[in-house]
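First listed ligand is number 1; within each ligand, the first listed atom is number 1. Being a predicted model, the structure only gives us computed values, none of them experimental.
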Amino acid sequence: MPLELVTIPCLDDNYAFLIHNPQTGDTALIDAPEAAPIQAVLDARGWQLTDILLTHHHWDHVDGLPALRGSARVIGASADAHRLPDLDLAVAEGDEISACGENVRIIDVSGHTLGHIAFYLPHAGFAFTADSLMNMGCGRLFEGTPAQMWDTMQKLRKLPPETLVCSGHEYAASNVAFALTLEPDNTQVILRAEAIKAARNNGVFTVPSTLSEELSTNPYLRADDPALAAALGMTGADPVAVFTEIRARKDRF
Ligand code: ZN
Ligand code: FE
């Protein structure tokens with residue numbers, strides 16, 4: 001039986017995720033922006049948390065933890081243990097752990113913060129990327145460099161294209177509006193903008209998206225795409241320079 005995945009809106013525009021294994025009864029939470037909406041889903045389904053996976057230390061990803069942790073095992077980056085809530089298991093790039101009866105691979109996705117990790121479940125095909133790769137976007141560079149985030153994007157785009165990208169915020173509408181300023185004539189981006197607008201008008205979450213959608217339209221994954229470089233007037237430029245320019249324009253958008 002496949003894992004169940006529940007996307008839970010929290011705060012103004014955050015997402016938390018629950019995964020549940022119907023065979024073992026185990027339930028894992030990915031990020032804890034606030035307790036109440038997450039507890040409401042747990043109560044409604046009769047689930048109890050066995051694991052809590054933290055992507056990074058920002059308050060809007062951890063503040064709900066104290067009220068939720070109970071006897072759950074709390075997992076986060078060893079590099080960030082000093083500024084995360086107390087961890088029961090500290091992990092780093094390349095580690096493979098088991099949660100919810102599934103293998104979970106740790107990917108270092110530094111850029112937004114240093115020590116930001118993603119959780120990839122190869123069997124289920126889920127990648128919990130929080131504020132690294134997002135729907136049509138990537139997180140703002142608070143601590144890392146553009147080169148680091150570009151490195152992160154190159155790691156994530158090697159995952160299977162059918163992977164579900166479970167990111168941390170509902171930012172797609174503004175991200176795709178920005179992407180259109182870069183490539184107003186890109187048909188795939190135009191279609192994506194229409195789909196995102198329709199989803200938001202109907203109150204539908206744009207998260208998760210599929211990696212294949214991101215590969216064809218997300219500008220941050222395409223800094224080495226000659227068509228995007230040309231649209232920026234940067235034909236032949238180094239992908240790091242193109243990525244730096246895209247991120248700088250977004251910060252001014
Ligand atoms: Zn953050
Ligand atoms: Fe965030």
Side-chain angles (χ1 to χ4, degrees), residues 5-19 28-38 41 52-69 74-85 87 90-93 106-120 126-153 155-156 164-178 196 200 205-209 214 218 220-221 243 246-248 250-251 253:
L5 171 69
V6 184
T7 304
I8 306 173
C10 295
L11 303 170
D12 288 337
D13 55 33
N14 277 77
Y15 287 120
F17 302 91
L18 287 172
I19 50 176
L29 170 69
I30 297 88
D31 281 347
E34 64 173 334
I38 296 165
V41 174
I52 301 176
L53 282 54
L54 300 175
T55 60
H56 67 295
H57 75 285
H58 282 160
W59 71 271
D60 62 314
H61 298 257
V62 303
D63 264 16
L65 186 80
L68 291 164
R69 79 182 290 167
V74 178
I75 300 164
S78 53
D80 261 353
H82 62 286
R83 56 183 182 175
L84 285 167
L87 300 177
V91 294
E93 163 98 357
I106 312 304
I107 306 174
D108 182 298
V109 292
S110 288
H112 175 68
T113 64
L114 300 178
H116 191 317
I117 53 175
F119 300 98
Y120 173 55
F126 303 152
F128 297 95
T129 58
D131 298 356
S132 60
L133 175 61
M134 306 175 108
N135 188 331
M136 285 305 286
C138 78
R140 191 175 281 263
L141 300 179
F142 286 114
E143 297 179 1
T145 62
Q148 274 171 321
M149 189 61 109
W150 172 234
D151 193 51
T152 286
M153 295 296 121
K155 280 191 228 174
L156 292 172
L164 286 182
V165 179
C166 305
S167 54
H169 291 267
E170 182 55 64
Y171 289 163
S174 103
N175 284 342
V176 80
F178 168 69
I196 287 168
R200 295 313 295 151
F205 309 151
T206 66
V207 173
S209 56
E214 301 303 331
N218 185 321
Y220 304 93
L221 284 177
F243 188 94
I246 297 168
R247 193 56 249 183
K250 177 63 164 68
D251 291 345
F253 179 66

Considering all heavy atoms, the nearest Pro37-Pro9 contact: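 Closest pair (atom of Pro37, atom of Pro9, distance): CB-O, 3.8 Å.
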Minimum-distance pair of heavy atoms, taken over all atoms of Ser132 and Leu156: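 Scanning both residues, the minimum pair turns out to be OG-CD1, 3.9 Å.
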Atom name in His56, limited to N/O/S, at shortest distance from the Zn ion (ligand 1):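 Within His56, restricted to N, O or S, the Zn ion (ligand 1) is closest to atom NE2.
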Heteroatom of Asp131 nearest to the Zn ion (ligand 1) (N, O or S, atom name):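 When I compare the N, O and S atoms of Asp131, OD2 is nearest to the Zn ion (ligand 1).
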Backbone or side-chain N/O/S of His61 under 2.8 Å of the Fe ion (ligand 2):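 His61 does place an N, O or S atom closer than 2.8 Å to the Fe ion (ligand 2).
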N, O or S from His169 under 2.8 Å to the Fe ion (ligand 2):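 Checking His169: at least one N, O or S atom is under 2.8 Å.
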side-chain hydrogen bond (donor to acceptor under 3.5 Å, both in side chains) partner of His112, chosen from Gln148, Glu143, His58, Arg140: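 The side-chain hydrogen bond (donor to acceptor under 3.5 Å, both in side chains) with His112 is passed solely by His58 among Gln148, Glu143, His58, Arg140.
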Minimum-distance atom from the Fe ion (ligand 2) among N, O or S atoms of Asp131: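 For Asp131, the N, O or S atom at the smallest distance from the Fe ion (ligand 2) is OD2.
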N, O or S atom within Asp60 nearest to the Fe ion (ligand 2), by name: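 Of all N, O or S atoms belonging to Asp60, OD2 is the one nearest the Fe ion (ligand 2).
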Verdict with reasoning, Asp60 to His169, per side-chain hydrogen bond (donor to acceptor under 3.5 Å, both in side chains): CA-CA 10 Å; Asp60 62 314; His169 291 267; 3.2 Å; yes
Test side-chain contact (heavy atoms from CB on, under 4.5 Å) applied to Leu5 and Phe17, step by step: CA-CA 7 Å; Leu5 171 69; Phe17 302 91; 4.2 Å; yes
N, O or S of His58 under 2.8 Å from the Zn ion (ligand 1):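 Coordinating: yes.
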Evaluation steps, side-chain contact (heavy atoms from CB on, under 4.5 Å), between Lys155 and Glu93: CA-CA 11 Å; Lys155 280 191 228 174; Glu93 163 98 357; 3.3 Å; yes
